[in-house]
J.: 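Got a structure here, written out as structure tokens. Questions coming.
One-based numbering, in listed order, for ligands and for the atoms of each. Residue numbers start at 1 and run along the sequence shown.
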Amino acid sequence: MAKCLVTGGAGFIGSHLISRLLCDNHSVIAFDHAPWDKLNNLFSLNSSAFKYVQGSVSDSSLFRSLITDAEQIYLLAATLGVRRVIENPIGTANTQVDQVRDICAIASSRQKIFYASTSEVYGKTIVSPLTEDLPLVLGEPDKARWAYACSKLLSEYLLLSLYRDKNVPLVVGRFFNVVGPRQNLSYGAVIPNLLSQAIKGMPLTVFGDGTQTRSFCHVDDAVDAMLSLMNHDSSLGQVFNIGNEEQISIGGLADKIRSLVDPLLEIKMIPYKDAMPFGFEEILHRVPSLNKIKQCTGWSSKYKLDEILRHCFIALKEALV
Ligand code: UDP
């Protein structure tokens, strides 16, 4: 069984991943800047195979000591949420660049690495579904939203070079709108946002005209995908989409959430200029092609959107009580 290190381990995806790794009898170090208290997603974990290290991936000497001891490394630490990225583009980029710089400096061929990248790197590419080999069209540098995509993309370049030049086994997964229980409300992601509004009896806020589309991936499916990539050596040195092919418009999503929680709720259309700070730019359509990961690992997503929404609703209702 492997010694695993998970950066961003206390986060939404990280905490689900860690539960799975412990179930699979691995030992895990979670590395995260979040304090170790009742609000920490991992606080209820009780396993001698688990250790929590509080700190920043920008603390190079601490991070390097953790890298040295690990056999599997999952790089999940990130600034999340479009608004938070726009408000802190430098911190957003540093979190990616700092952790990947240390990995490039000291990781070796006896370690295996998963890098959590993002569908944001496809930017404004107008192709549907999005395949991993497409040219990428990002926005201008004065639009701070793109700090996230640019730093993730730079990290992908650096890590794939590390694979080619130093034989460090690694794989990159580009996540498409992962959702599920424990997703932090403060990121402003659309499903927890609309569900919490609905639970509180408030109007559901749809930005723009609501015709923009997304596809949502259950966090359990995302964790399965990560592990299947790590378990198939044929994935190494490559980039894979991780998501769900079921598409919906955001207006349609608000309708579904209203039907699920309370059919009498109002849906309120908010112009982007009133919803988001300067530096925001909408991505109109984003759906992954999952052929590559299916062919390489046999993985495919199991959850349909209706079931995903029910899971999120139940978890959020409990959390908000
Ligand atoms: N959105 C919305 N209402 C909200 C939050 C988000 O209409 O309360 C829209 C947002 O403009 C985008 C989509 O929902 O079109 C998904 O936003 P999210 O921030 O969840 O993720 P993104 O795919 O933009 O990174």
Side-chain angles (χ1 to χ4, degrees), residues 11-13 78-89 92 116-126 128-130 136-139 143-153 174-180 182-219 222 241-258 261 265-288 305 308-309 312-313 316:
F12 161 52
I13 301 179
T79 301
L80 293 182
V82 179
R83 178 178 284 276
R84 291 165 92 218
V85 168
I86 291 171
E87 285 167 357
N88 185 14
T92 297
S117 188
T118 171
S119 55
E120 284 272 315
V121 301
Y122 291 106
K124 304 195 250 188
T125 308
I126 312 172
S128 195
L130 294 158
L136 306 171
V137 185
L138 300 183
K143 305 265 171 46
R145 173 183 191 136
W146 301 108
Y148 185 64
C150 285
S151 56
K152 288 280 189 183
L153 195 55
R174 291 179 179 162
F175 287 122
F176 283 67
N177 294 74
V178 178
V179 295
R182 298 210 284 268
Q183 191 168 14
N184 192 323
L185 265 174
S186 67
Y187 301 161
V190 67
I191 287 186
N193 220 27
L194 297 188
L195 276 172
S196 79
Q197 291 166 345
I199 291 167
K200 293 173 187 160
M202 292 160 58
L204 310 188
T205 54
V206 170
F207 302 162
D209 64 6
T211 56
Q212 71 271 35
T213 58
R214 292 292 185 275
S215 62
F216 297 94
C217 177
H218 194 289
V219 66
N241 291 338
I242 296 176
N244 190 311
E245 285 158 331
E246 188 180 351
Q247 245 184 117
I248 189 163
S249 70
I250 299 303
L253 179 72
D255 276 337
K256 261 187 190 295
I257 289 178
R258 174 164 66 175
V261 183
L265 287 168
E266 183 194 347
I267 293 178
K268 206 165 162 180
M269 314 301 284
I270 316 250
Y272 289 118
K273 66 175 180 30
D274 298 336
M276 283 288 173
F278 177 80
F280 174 75
E281 204 172 3
E282 182 63 288
I283 293 168
L284 288 177
H285 303 290
R286 191 156 75 189
V287 61
L305 181 59
I308 295 175
L309 289 177
C312 294
F313 174 45
L316 203 56

J.: Backbone N or O of A116 within a donor-acceptor pair of the K152 side chain at under 3.5 Å?
T.: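 Yes; judged by distance alone, with no hydrogens or angles, the pair exists.
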J.: Looking at non-hydrogen atoms alone, which of F207, Y272, F216 comes nearest to atom 4 (C) of ligand 1?
T.: F207
J.: Measuring from non-hydrogen atoms of E120 to any atom of ligand 1, is the shortest distance under 4.0 Å?
T.: yes
J.: Using a strict 4.0 Å cut-off to heavy atoms of T205, name the atoms of ligand 1 that fall inside it.
T.: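 That gives atoms 2 (C), 3 (N), 4 (C), 7 (O), 8 (O) of ligand 1.
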J.: Give a yes or no on whether the backbone of P192 and the side-chain of Q183 come within a donor-acceptor separation of less than 3.5 Å.
T.: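 Side chain of Q183 to backbone of P192, a donor-acceptor pair under 3.5 Å: no, none is there.
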J.: Quick test: of every protein heavy atom, which one is nearest to atom 15 (O) of ligand 1, and how far off is it to 0.1 Å?
T.: E282 OE2, 2.6 Å
J.: May I ask you to identify, for N177, whether its side chain, its backbone, both or neither come under 4.0 Å of ligand 1 on a heavy-atom basis?
T.: side chain
J.: Just by modelled atom types, is the Y122 backbone N or O under 3.5 Å from a matching donor or acceptor in the R174 side chain?
T.: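 No, the answer is negative, given that no donor and acceptor are paired below the 3.5 Å cut-off.
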J.: Can you confirm whether the side chains of Q247 and S215 place a donor and an acceptor under 3.5 Å from each other?
T.: no
J.: Between N241 and L130, is there a donor-acceptor pair closer than 3.5 Å when you use the side chain of the first and the backbone of the second?
T.: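 Between the backbone of L130 and the side chain of N241 there is a qualifying donor-acceptor contact (under 3.5 Å).
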J.: Numbering the atoms of ligand 1 from 1, which are under 4.0 Å from a heavy atom of R145?
T.: 22 (P), 24 (O), 25 (O)
J.: Report the part of M276 (side chain from C-beta onward, or backbone N, CA, C, O) that has a heavy atom under 4.0 Å from ligand 1; answer both or neither where that applies.
T.: neither
J.: To the nearest 0.1 Å, how far is atom 20 (O) of ligand 1 from its closest protein heavy atom, and which atom is that?
T.: V190 N, 2.8 Å
J.: Considering only heavy atoms, does M269 approach ligand 1 within less than 4.0 Å through its side chain, its backbone, both, or neither?
T.: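 It is neither; nothing of M269 touches ligand 1.
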J.: Which ligand 1 atoms, with their elements, are less than 4.0 angstrom from a heavy-atom of V206?
T.: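 Selected atoms, number and element: 7 (O).
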J.: Return the orientation label for the F207 and Y272 ring planes: parallel under 30°, perpendicular over 60°, tilted otherwise.
T.: perpendicular
J.: Consider only side-chain N and O atoms of S249 and Q212, and report whether a donor and an acceptor are under 3.5 Å apart.
T.: no
J.: Run the numbers for me: atoms of ligand 1, each under 4.0 Å from some heavy atom of R286, listed by number.
T.: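 Ligand 1 atoms under the 4.0 Å threshold to R286: 22 (P), 23 (O), 25 (O).
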J.: For ligand 1, is Q197 a contact, meaning one of its heavy atoms is under 4.0 Å away?
T.: no
J.: Tell me which protein heavy atom sits closest to atom 8 (O) of ligand 1, plus the residue, atom name and distance to 0.1 Å.
T.: N193 ND2, 2.8 Å
J.: Can you pull out the closest protein heavy atom to atom 13 (C) of ligand 1? Residue, atom name and distance to 0.1 Å, please.
T.: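 So the nearest neighbour among protein heavy atoms is I250 CD1, 3.7 Å.
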J.: Between K124 and E281, is there a salt bridge with N-O shorter than 4.0 Å?
T.: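 Between K124 and E281 there is a salt bridge, with a charged N closer than 4.0 Å to a carboxylate O.
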J.: Specify the protein heavy atom at minimum distance from atom 9 (C) of ligand 1: its residue, its atom name, and the distance to 0.1 Å.
T.: Q212 NE2, 4.0 Å
J.: Would you say R83 touches ligand 1, if touching means a heavy atom closer than 4.0 Å?
T.: no
J.: We want to know whether H285 and T213 form a side-chain donor-acceptor pair, criterion being a heavy-atom distance below 3.5 angstrom.
T.: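 Distance-only check passes for H285 and T213.
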J.: Output yes when a side-chain donor or acceptor of E246 lies under 3.5 Å from a complementary backbone atom of L305, and no otherwise.
T.: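 Yes; at least one donor-acceptor contact below 3.5 Å.
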